[in-house]
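One is the number of the first residue; the rest follow in order along the sequence.
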Amino acid sequence: MIRKSAGNFKYFTGVESLAQIATREDRVCVLNILGGESSEVTPVGHAWSGANVVFGTSPGRRGQVLETPAGNIPVYNNVREGLEDGHRFNCGVVYLPPSAADDGVVELIRVNPELTKIFIPTEKMSVHDAREIRAMAQQRGIDIFGGNSLGVADSWNQVRIGGALGGDSPGDTLKKGSVAILSNSGGFTTTIAQYLRMGGWGTTTLVSSGKDVYIHYAAPEFAFAFGNDARSKAAVLYCEPGGYYELDAEFTKPVVACVVGRWKSKLTRAVGHAGAMSGGGDDAASKERWFMEKFGVNALFTPDNPVCSAKGAVVVNIADIPAALTAVMAANGVQPDFAPEGTMELKAWFGSNMGAKLPAELNLPVVRAVAPYDAQVEAIDRHVGTVFARESMKDASGVSQMDAKTQVTRLNGVSVLDAAQYSLEANVGLALLKEPGGENDRKLVSVAVGAWLNLHGEATLAAAQAARDAGNAPNAVLAAALAIVGPRRTGPARAIAGQLIERFAAAGLKDALDERFPLDGLRDARDAELMLGAQPDPHAQAMLDGLRARGARSVFVRYVESLGGHPRAEAVLAAVTTTLGWGPLMRKRVSRLTVECLPAWMQLFGTAIGASVDAARHEATRFCGIDEVDLLGRRSLTDVAFVALLHGQPGASDLFAFQTLVGLLLSNGPGTISAQGAKGAVSSDGPEQPERVQLNKGLIGFLTHCGYAHGGNGFEGVAFLLEQFKDSGLSDPGSATHGVDIDALVTRYVEAYARYKTDKKVSGNLDIMKIPCVNHPVFKDKPVNLDPREVFIGELMKKRGEHNVFLAFYKALVQKLYDAGVSRNVYCVNVDAVIAALLLKTVWPAYRAGTIQADALETAAFTVFLYARMLGCAAEIDDHLNRGRNMDTRAPASACRFIA
């Protein structure tokens, strides 16, 4: 059937007036009706439009239905089956992928002579297919809307076809009025209607034209039908760069044109909508000029410069459309359709500035939400901390990222290179609270961990010493002690932390350091029962004395003390850790679960560091020769851990080296063996029931996955350096005038290594020993290879005016290997060499004096790794506890192999 074009339009269009685009008489067939997009939007449109979809197709699914509020829509294998079943339709909607959309159009046209309109939501159809569709539709007298369209809607007729205009509640947005809309963007079609409604303007017909290269129903067709629609007094056009459709449109009524996309003029390829290309005289600036010439204006309309005429106005911000339309219509003596209903300005229902001070214009006031969202927002506001969605964490992490190119890991967004400049206590905060905290936090951490270092008379120390005496490596020694620090030991403090969070969240506490926060009315008999003991607790008193001596502030500690009686050590610990976690908790950086677990982490960290020390160094009131008063009231955790590991009293240079080692070793990403061991331990307990997860077992999982190949290999570098410098007479490795002939040492080794390699090759044995701590496999095959971690530390040392003869030896060694032809390029000095050099420099005086032996250096090299990675793995454990699914680190059966 060949139809005549409406009116005298220059090519075929069957639509004479916008009122004919979407009517209550239209009947619709939807191709691929059970597809993801169609099954979401078709039921809503069908119900709002008075049940206008007669059937749909989905190959192989005949007999099924799509359920909608207006009744079930039958589904057939193809269009012909639906017609043969007696259904009639004049509109087809094509929800098919780009490669199949043209076949769907062909099927609709071929089998249904009553077809008058086709709507194509499909985006990115090929130009070839669009041309064929265009030609076929013109020949058969059929109007096409799209592709890349969200369809059409009519507010007067309460009908929508072929998409989701008006959203899930079309009636809330599409209010009857006098303004038509044509938009390249489907989403903005609805948004513009909402803006207009707030400004007092209702709508007639809305057309989402799409923005593929071919726009089948574009501005010229729209302008023609708009001119013949008695309902539409004005129109709004939303235009993007690309195409000359708007230039050819002839408008006889007022129009507001919103032209966007000036930034796209700098692009060399299409973005967003496929046809939004510019550079051929059809960019945004050109389209602004076209419309200004049509409307007789010389500038854009803005609230500050409301330039318009009776013919129209040009805006570049959709928020300015209602004001521009009102001004244009006022010039025509036309008032808005109804009283303005409000404003589309952002109204914050809830908010947090994350502690940042914003200027007044950005600091939006929080207003009460409309029902039913108000009740939901109140529930969210009452929730303390953040909540993470559970997902597979087998090869993923929410706390650590490793750059495969630089091998530099970030922990909670902080590079380990930056973490290397933090103290040990600051890195405790970084690992578990996602921020290193301030001076007060460092005081609190030093007390919270320091209170559990001295294990004198404890079963944990006995277990650790028994493991040590049996010849176990440091990781097994620590595991023996941590196995005893189970949930019954850590549970009381964890319960108290939960009670404090509940109590003070309800009281509206924002700042845990607010010394003026009133405690009157907060005290509760249940708190006293939970937090106080019948007798004085020396452990608790020592912690309180230490906090006072340091001048540490805490609302929670003040509250525990205000209860009267004798605070328990668990209550003081929970008060300290809740203070640490309160800021991140209020800023929703961490979960409540994380903060409730903090007391257990402090006990575990303290026990691990304490267990790394021989039992003889634990005394009743002294740890490693440090009095308890000094330990809790003055010394930093970094300082005490140094003494525990390396015996001597540290100077500034020693502490720098120690904290640098810890920071560098915090994490090497979620894929490391140690992290996988920790995550596997959590997964096996079932993180979806977090109360069942044993935190100490998580740390034991990390420890069991460490060894001399992963964790203890730092000693290889130490042993290598000891061998090279054993007869050098070196006295001060930190002095630039150390007096050692580095070049002679390097030459001696390179010549020996060259002979060794030659002998191996002559004998046919190519299993050649590698030089410890050089030629990292990631940083290979360039003329000069650099490990960015070693470069960073070198630059940091240079800024501090520090020298390390061992690191200088390594750098000279890799250059000499190349100069002597032993290596094809200059090897990198990797981060393990940095660790070995820093550690050996620190203990060199004690080593020369004979107070520390080579085997003790091996233990120290391994243990400093454990100190650091303990924090990084605690972060992984906490992350897995909050995000992970049960058994989500298990390898699938398909990935497992049998090796015969």
Side-chain angles (χ1 to χ4, degrees), residues 21-79 81-83 85-97 100-101 104-105 107-108 112 115 117-123 145-176 183 185-191 193-194 203 205-208 210 372-373:
I21 287 180
T23 73
R24 280 271 162 162
E25 289 69 41
D26 286 323
R27 288 295 171 263
V28 182
C29 167
V30 180
L31 306 193
N32 193 26
I33 193 170
L34 298 180
E37 184 177 352
S38 172
S39 61
E40 291 281 336
V41 303
T42 299
V44 176
H46 180 66
W48 190 65
S49 306
N52 62 343
V53 180
V54 293
F55 73 93
T57 68
S58 186
R61 302 172 80 173
R62 176 173 181 154
Q64 297 187 27
V65 298
L66 176 64
E67 295 182 358
T68 82
N72 294 340
I73 300 173
V75 177
Y76 295 90
N77 291 322
N78 52 55
V79 177
E81 287 182 356
L83 293 173
D85 240 17
H87 300 293
R88 294 290 177 267
F89 67 92
N90 67 308
C91 299
V93 179
V94 181
Y95 279 111
L96 290 168
V105 171
E107 179 186 14
L108 286 167
N112 184 15
L115 191 70
K117 290 174 280 193
I118 297 176
F119 303 86
I120 308 177
T122 305
E123 63 178 310
F145 297 81
N148 197 8
S149 164
L150 275 192
V152 299
D154 194 293
S155 303
W156 284 50
N157 298 327
Q158 289 195 359
V159 171
R160 82 176 187 195
I161 304 173
L165 296 187
D168 292 339
S169 301
D172 293 345
T173 302
L174 308 182
K175 186 173 182 178
K176 181 179 177 180
S183 171
S185 165
F188 277 141
T189 312
T190 299
T191 303
Q194 185 68 22
T203 49
T205 298
L206 303 89
V207 177
S208 165
Y373 305 112

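Under 3.5 Å, the side chains of Thr203 and Ser155 contain a donor-acceptor pair of N or O atoms.
Val207 places none of its side-chain heavy atoms less than 4.5 Å from the side chain of Ser183. The shortest distance between side-chain heavy atoms of Glu25 and Asn157 does not fall below 4.5 Å. At a threshold of 4.5 Å between non-hydrogen side-chain atoms, the residues Ser149 and Ser208 count as touching. Side-chain contact between Val54 and Val28 is absent, with no heavy-atom pair separated by less than 4.5 Å. Using a 4.5 Å cut-off on side-chain heavy atoms (C-beta onward), Ile120 and Val105 make contact. Residues Leu66 and Asn72 form no side-chain contact, since every pair of their non-hydrogen atoms from C-beta on lies 4.5 Å or further apart. In this structure the side chain of Val30 never reaches within 4.5 angstrom of the side chain of Asn32, judged on heavy atoms.
Looking at Ser39, its side chain does come within 3.5 Å of a backbone N or O of Gly36 through a donor-acceptor pair. Using a distance-only test at 3.5 Å, with no hydrogens or angles considered, a donor-acceptor pair links the side chain of Ser185 to the main chain of Phe188. Formation of a donor-acceptor pair under 3.5 Å by the Glu123 side chain with backbone atoms of Gly147 is not found in this model.
The two residues Gly166 and Thr190 make their nearest non-hydrogen contact at N-OG1, 2.9 Å. Of all heavy-atom pairs between Thr57 and Cys29, the closest is CG2-SG, 4.4 Å. The shortest non-hydrogen separation linking Leu150 to Gly187 is CD1-N, 3.9 Å. Scanning both residues, Leu34 and Val65, for their nearest heavy atoms gives CD2-O, 4.1 Å. Considering every non-hydrogen atom in both Ser49 and Arg160, the closest pair reads OG-N, 3.0 Å. Across all non-hydrogen atoms, the minimal contact from Asn77 to Gly60 is OD1-N, 2.8 Å.
Partners of Glu37 according to the salt bridge (Lys or Arg N to Asp or Glu O under 4.0 Å) rule, which considers only residues two or more places apart in sequence or in another chain, do not exist here. Considering only residues two or more places apart in sequence or on other chains, Asp26 meets the side chain to side chain donor-acceptor pair (under 3.5 Å) condition with Thr23, Asn90, Lys117. With sequence neighbours excluded, the residues that form a ring-ring contact (aromatic ring centres under 6.0 Å, His included) with Phe145 are Phe119, Tyr217.
Paired with Tyr95 under the rule side chain to side chain contact (heavy atoms under 4.5 Å, CB included), one option of Val41, Leu31, Ile33 passes, and it is Val41.
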| request: Please lay out, stage by stage, how Gln158 and Arg24 fare under the test side chain to side chain contact (heavy atoms under 4.5 Å, CB included). | output: CA-CA 8 Å; Gln158 289 195 359; Arg24 280 271 162 162; 3.5 Å; yes
| Going through the distances and angles, do Thr205 and Asp154 end up as a side chain to side chain donor-acceptor pair (under 3.5 Å)? | CA-CA 4 Å; Thr205 298; Asp154 194 293; 2.9 Å; yes
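Each salt bridge (Lys or Arg N to Asp or Glu O under 4.0 Å) pair with one or both residues in residues 86-95, not counting sequence neighbours, appears once here: Arg88-Glu114. Applying the salt bridge (Lys or Arg N to Asp or Glu O under 4.0 Å) definition to pairs two or more places apart or across chains, none involves residues 50-60. Applying the ring-ring contact (aromatic ring centres under 6.0 Å, His included) rule to pairs touching residues 51-78 yields Phe55-Tyr76, Phe55-His87, Phe55-Phe89, Tyr76-His87, sequence neighbours excluded.
Within the model, atoms CD of Glu67 and NE2 of His46 stand 12.0 Å from one another, a figure rounded to the nearest 0.5 Å.
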